[in-house]
K.L.:
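To start, I am sharing the structure in question, which I have written as structure tokens.
Chain A is the first sequence line, chain B the second, and so forth, proteins listed ahead of strands; every chain is numbered from 1.
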Amino acid sequence: MIRVTLPDGSARELRAGASARDLAESIGPGLAKAAVAAKVNGEVRDLARALPDGAQVSILTKRDPEALLVLRHSAAHLMADAILRVFPKAQLTIGPVVDDGFYYDIFLPEGKISTDDFPRIEAEMVRIAEEGKPFQRCVSSYDEADEHFARYRAIDGGDNKFKRELVAGIRERGEELSFYKHGDFIDLCRGPHVPDTGFLKFTKLTKLSGSYWRGDATKDQLSRVYGISFFSKKELDDHFFMLEEAKKRDHRVLGKQLDLFHMDDEAPGFPFFHPKGARLWHTLVDFMRGMLRRRGYQEVKTPIVLSEQLWHTSGHYANYLENMFFTKMKLRDEKDPSKIHEHVDEERPMAVKPMNCPGHCLVYGTRIHSHRELPLRISEMGLVHRREFSGVRHGLFRVQAFTQDDAHHFCSPEQIEGEIKLLIGFFKQIYSAFGLDDVHIELSTRPAKSIGSDEVWATAEGALKRVLDQNGIAYKLNPGDGAFYGPKIDFHIRDSLKRSWQCGTIQLDFSMPLRFGLAYVGADGEKHVPVMIHRACFGSVERFLGILIEHFAGNFPLWLAPVQTVVVPVSEKFFDYAKSLNEQLLDLGLRSEVNLKDDRVGYKIREATLQKIPYAIVVGEKEQENGTLNARSRDEGELGEMKLGEFWAKIESAASPPVRPNALV
RNA sequence: GCUGCUGUAGCUCAGCCGGUAGAGCACUUCCUUGGUAAGGAAGAGGUCAUGGGUUCAAAUCCCGUCAGCAGCUCCA
């Protein structure tokens with residue numbers, strides 16, 4: 001007999017060799033039916049595997065997020081099996097689960113797979129799923145590995161160099177070699193898997209792309225087939241609905257439809273903001289400026305082009321060169337003005353700033369500072385340029401020039417914790433104004449390429465950890481992901497489609513103040529080196545704007561909407577009344593327009609709706625006589641006839657950002 | 001940067017087994033003076049991304065370049 005413990009603390013006795021499925025059956029038939037896999041001593045395992053004595057066991061059902069990963073991994077096997085049936089020459093490589101489903105990288109010695117083949121592959125997948133063949137785990141010795149491969153169909157004639165390489169790796173690490181088979185298919189796999197292929201009925205192929213063996217462009221090129229799998233049809237349908245929704249909300253599409261911005265061949269990766277986009281941009285910046293002022297920030301404005309030498313001092317030249325733009329002079333030939341000399345060397349070559357910190361260090365360094373001034377918070381809506389590889393640019397999300405809502409806190413070491421605490425609460429307050437309350441924090445530590453001593457890094461990393469731990473703030477650790485000058489805390493926010501975006505960042509830096517020879521005079525009359533905290537909340541204003549466009553699907557709340565009201569006269573006879581009403585709306589501080597085109601009311605309403613304008617205000621004979629307006633809300637439909645004062649009272653509070661009190665969590 | 005796909009009117013797209021371009025919407029003008037998601041008519045608008053090649057003839061076929069899209073890699 002063995003004895004296992006359940007999550008509720010109770011214990012159960014089972015016969016020796018009993019599996020998690022036996023356990024589930026002993027608890028109840030319902031659970032046995034719902035069971036997908038088991039978590040044994042913290043490790044997810046097949047339901048069919050024997051339980052060790054004394055184990056902590058929980059049965060995973062369709063509801064557990066971990067069960068979904070198991071399902072998708074199994075679906076990858078299902079897909080691989082189907083692909084081999086359609087493409088018998090294909091060789092499998094690796095097939096992991098990713099955030100958004102799973103994929104399998106496949107080597108095709110001849111021929112090509114295309115999305116046109118998806119229906120055939122999916123048809124095979126349905127067939128295999130309906131067979132409901134059990135997944136069986138086989139542990140193999142290394143010598144038997146080839147035999148397994150040869151006997152089954154996972155590999156073409158047992159000669160798959162990719163799988164051989166994987167097997168060799170497993171042998172080297174001294175790990176157990178296991179295979180999983182269902183029906184005639186077998187594949188090298190650590191597992192675990194769902195009990196049988198019947199679980200995999202709700203699986204779809206999603207996309208296809210190229211990839212390389214081991215992600216290395218010099219190695220064999222592979223085809224990566226992506227898929228997604230769920231436990232139910234509803235979840236699968238919902239998933240595709242969300243994808244459709246995301247496509248509809250694409251900020252590049254909405255940016256065009258709402259006339260917010262455009263990207264031009266003449267300036268790849270540099271957005272052109274149209275009047276409405278620029279208004280949105282300024283609304284964000286103005287909001288941020290107000291919030292910064294309230295916290296004692298002092299805004300500066302520093303140059304965009306600075307000497308190359310400065311970037312040597314800061315360390316960017318050594319660590320960030322590939323992402324920087326440099327200026328190069330051109331000169332006319334003195335004798336032949338039609339001849340131009342390119343790339344003329346300058347005595348003092350210049351570079352375009354990719355970050356604002358060196359500029360702020362120069363500002364700080366212009367005079368002596370007392371410890372009484374600290375913490376000194378210097379902010380800037382800093383326009384930075386960063387060279388990006390072609391192919392990574394993406395709408396407003398990834399551009400080559402963007403504005404950071406940047407700031408640097410110069411403070412004493414004792415003040416670090418207070419500043420970080422202030423910032424965490426501050427950032428969350430900002431995000432909540434946009435309804436972005438699902439925020440999680442990540443802590444990134446020293447990367448391979450970095451400046452500063454081990455000691456300094458240890459101090460800086462320790463300080464950030466301490467603030468998070470002492471304030472009970474949950475976070476995820478990302479080793480090696482910090483900035484080259486210091487560790488950082490990043491803020492990830494989830495939008496209305498549950499997608500996560502990295503926005504805010506707080507970076508601790510002991511090195512740059514030292515490199516720039518910055519100092520403050522302490523209470524002891526001696527000079528001390530200040531600590532520098534780099535921080536940005538939106539991150540990139542442009543990118544944040546892109547996120548907001550998708551988050552709101554273009555339906556901006558009143559305070560953000562580039563056009564808040566549009567006055568629609570019923571006919572030409574009421575143009576004057578419409579214009580005067582528009583003037584009054586403008587006087588109230590609203591961003592208002594009046595539609596004086598020769599269109600019918602219905603058409604103008606349609607236009608206002610498509611432009612997602614919060615209020616269309618219809619005026620005709622009745623309104624002119626009564627000195628009223630008739631408002632139609634984008635979100636609530638017709639509001640009826642009312643006086644301007646009444647309308648204003650109704651919308652006034654929504655016209656400014658909803659700011660909640662500053663709080664840590 | 002790599003792989004695959006794409007580039008035709010302001011926008012969305014058709015034309016693409018070669019014979020110098022077409023629709024809808026938008027735009028302009030006229031008619032219409034209208035009450036909450038499309039009133040009607042006429043008109044204007046394109047060296048088919050760009051450079052080269054094949055051909056009697058290229059939007060159409062081939063190659064290079066640029067840009068975009070989906071991935072890979074990297075980041076705010």
K.L.:
Is Y603(A) stacked on the base of A37(B), with ring centres under 5.5 Å apart and planes under 30° apart?
P.N.:
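The base of A37(B) is not stacked with Y603(A) (the test needs centres under 5.5 Å and planes under 30°).
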
K.L.:
Need to verify one output field. Residue with the more 5' nearest nucleotide on RNA chain B, F574(A) or D481(A)?
P.N.:
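The residue closer to the strand's 5' end, by nearest nucleotide, is F574(A).
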
K.L.:
Using the C1' atom as the point on both nucleotides, what is the distance between A37(B) and U47(B), in whole Å?
P.N.:
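To the nearest whole Å, 40 Å.
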
K.L.:
For G19(B) and A59(B), measure between their P atoms and round to the nearest Å.
P.N.:
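Looking at atom P only, G19(B) and A59(B) are 10 Å apart.
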
K.L.:
Checking all strands, does Q257(A) fall into the base, sugar-phosphate, or nothing category for heavy-atom contacts under 4.0 angstrom?
P.N.:
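The residue Q257(A) makes no contact with any strand.
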
K.L.:
Is any side-chain nitrogen or oxygen of H394(A) closer than 4.0 Å to OP1 or OP2 of A70(B)?
P.N.:
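Yes, within the criterion.
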
K.L.:
Tell whether E388(A) reaches the base of A76(B) with its side chain through a donor-acceptor pair below 3.5 angstrom.
P.N.:
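Yes.
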
K.L.:
What's the gap between C25(B) and A9(B) when it is taken at their C1' atoms, as a whole Å value?
P.N.:
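Straight-line distance between the two C1' atoms is 12 Å.
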
K.L.:
Check whether any side-chain nitrogen or oxygen of K256(A) sits under 4.0 Å from OP1 or OP2 of C11(B), and answer yes or no.
P.N.:
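Answer is no, no contact under 4.0 Å.
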
K.L.:
Does G34(B) have its OP1 or OP2 closer than 4.0 Å to a side-chain nitrogen or oxygen of K573(A)?
P.N.:
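Yes, K573(A) has a side-chain N/O under 4.0 Å of OP1/OP2 on G34(B).
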
K.L.:
Map P569(A) and Q400(A) onto RNA chain B by nearest heavy atom, then report which one ends up closer to the 5' terminus.
P.N.:
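Final value for this comparison: P569(A).
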
K.L.:
Parallel, tilted or perpendicular: which fits the ring planes of F325(A) and H385(A), with parallel below 30° and perpendicular above 60°?
P.N.:
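The arrangement is perpendicular - the two ring planes meet at more than 60°.
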
K.L.:
How close do R386(A) and P354(A) get, heavy atom to heavy atom, and via which atoms?
P.N.:
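Minimum heavy-atom contact is NE-O, 2.9 Å.
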
K.L.:
Could you check which of G1(B), G34(B), A26(B) has an atom nearest any side-chain atom of D598(A)?
P.N.:
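Selected nucleotide: G34(B).
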
